[in-house]
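Just the heavy atoms: all of them, side chains too, but no hydrogens, waters or symmetry mates, feed the values below.
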Amino acid sequence: MIDSNWPLVPIALFYLVCAVVGIIGNGIMVMVFMKESKFKLPVNYLITLNCLADLFHVSGHFVFNYQLVTDETSSQANCFFMLFHTVIGYCISGSLLLAIGFDRLIACRFPINYRTLLSNGTLYLCAQLLFPVAFTTVLIGYGSQLIDFNTQIVCMAPLALPRQAFGYFTYASNVINVAIVIVYIYSYVVLRGYKERDARRMKYVFKSISFTVVVVLVGWTTVTIGNTVAIGLIENQRISEIVSIHAGLGVNISCSVNVFVFYAINSEYRSGIRRLFGLTVQSSDISKSDPSGTTKRMSLVAPATLQF
């Protein structure tokens, strides 16, 4: 390993751990979705797609670690193609989280209309995916026009997308993150207006919404702000790349812990995960997942309101 790469070893090892944990954890979330027949609401598809995007994101760290250890490099263009799935993952993840937020807001604020939307679930899901797919397609399409076959780099996620395209992604992500926080906070305000008899069930929703806002603030917001500084204020390209690499600490943690978060705060996913591994499902989890004891207003948005 060349001397200039030694400072990157700690962050490379950290990302390697995130890659292993993230692939296994998000893989479990995808398997639970495929196995559990009740997870067929549009929000479950959105959550699963977000987990799949996070899996794609962290899987690219293997290339980074390999090239760092072996002192190999690749052209920026080859890095783009090798980490194409990773670029898709981090480009689409934020907009998917925003789509989940809008889904929760509609479910809580307009439950009758939400039931109508669910009667045309495929069309509704396609409408929710329009922005994430379009946003990602435009970014990758633009980036593909700027790939560089001459510049040699240690291939890593921030460098896979050409610098100018990655800059646009960073600036747009700042706007998306602000929108996510606004949508989830408004959903929280709406949920606080529920009647007292729904308070016990709502505490799980409050917990998940609060955690979502924290994940956005600590994860995606820190990485986009860090990348904004790296791209917009630092002229030295080497230093800018190092800042971008370290800016991803928070978001890589959030990409890796989905399975732990859902297991801890969501009784339905906890039950599904336990069934996947042949473990006994706790009776308390079954009761929390059963909407039969709630009001009609709540039954229109259950069980999906328990997701973040």
Can you name the side-chain contact (heavy atoms from CB on, under 4.5 Å) partners of [X], sequence neighbours left out?
| X | result |
| --- | --- |
| L52 | V30, F56 |
| I140 | F80, F84, V87, I88, T136 |
| C51 | N26, M29, I47, N258 |
| L49 | L96, L129 |

Treating Ile, Leu, Val, Met, Phe, Trp and Tyr as nodes and any side-chain heavy-atom pair under 4.5 angstrom as an edge, say whether [X] and [Y] lie in one connected cluster.
| X | Y | result |
| --- | --- | --- |
| V133 | L46 | yes |
| F166 | F81 | yes |
| M34 | Y45 | yes |
| I147 | L83 | no |
| L16 | I24 | yes |

Evaluate the side-chain proximity of [Y] to [X]: yes if any heavy-atom separation is below 4.5 Å, no if none is.
| X | Y | result |
| --- | --- | --- |
| I180 | N177 | yes |
| L276 | M31 | yes |
| I100 | Y184 | yes |
| P10 | F14 | no |
| Y269 | V259 | no |
| N252 | H61 | yes |
| P162 | Q164 | no |
| C155 | N78 | no |

Legend entry - Nonpolar side-chain network containing V138, other nodes, edges under 4.5 Å: none
Inset, instruction - Keeping to residues at least two apart or across chains, list the salt bridge (Lys or Arg N to Asp or Glu O under 4.0 Å) pairs with something in residues 151-162. - result: none
Inset, instruction - Would you check, one step at a time, whether the test side chain to side chain contact (heavy atoms under 4.5 Å, CB included) holds for V21 with F260? - result: CA-CA 10 Å; V21 175; F260 303 108; 3.8 Å; yes
Where do [X] and [Y] come nearest, in terms of heavy atoms and distance?
| X | Y | answer |
| --- | --- | --- |
| I176 | S95 | CG2-N, 4.2 Å |
| L146 | Q76 | O-OE1, 4.4 Å |
| C18 | I253 | SG-N, 4.4 Å |
| S93 | D54 | OG-OD1, 3.1 Å |
| V281 | S271 | CG1-OG, 3.5 Å |
| F39 | F33 | O-CE1, 3.0 Å |

Inset, instruction - Assign the ring pair Y142 / Y168 to parallel, tilted or perpendicular, where the plane angle (0 to 90°) is split at 30° and 60°. - result: tilted
Can you tell me how far apart [atom1] ([X]) and [atom2] ([Y]) are? Round to the nearest 0.5 Å.
| X | Y | atom1 | atom2 | result |
| --- | --- | --- | --- | --- |
| I28 | I23 | CD1 | CD1 | 12.5 Å |
| I92 | F131 | CD1 | CZ | 10.0 Å |
| F262 | E268 | CZ | CD | 11.0 Å |
| L55 | N50 | CG | CG | 11.5 Å |

Legend entry - Exercise: do S59 and H85 side chains pair donor with acceptor under 3.5 Å: yes
Legend entry - S75 side chain to D148 side chain, donor-acceptor N/O pair below 3.5 angstrom: no
Legend entry - Distance flag, aromatic centroids of Y114 and F110, threshold under 6.0 Å: no
Where the side chain of [X] meets the backbone of [Y], is there a donor-acceptor pair that is under 3.5 Å apart?
| X | Y | value |
| --- | --- | --- |
| S254 | V251 | yes |
| E72 | Y66 | no |
| Y90 | A157 | yes |

Inset, instruction - I would like to know whether Q128 and F102 meet side chain to side chain contact (heavy atoms under 4.5 Å, CB included); could you show each step before the answer? - result: CA-CA 9 Å; Q128 282 278 35; F102 276 122; 4.3 Å; yes
Inset, instruction - Begin with the C-alpha distance, continue with both residues' side-chain angles, and end with the deciding distance and a verdict on side chain to side chain contact (heavy atoms under 4.5 Å, CB included) for F169 and C91. - result: CA-CA 7 Å; F169 160 72; C91 283; 4.2 Å; yes
Inset, instruction - Check the pair E36 / R275 against salt bridge (charged side-chain N to carboxylate O under 4.0 Å, His left out), numbers first and verdict last. - result: CA-CA 9 Å; E36 294 290 319; R275 277 192 291 268; 2.9 Å; yes
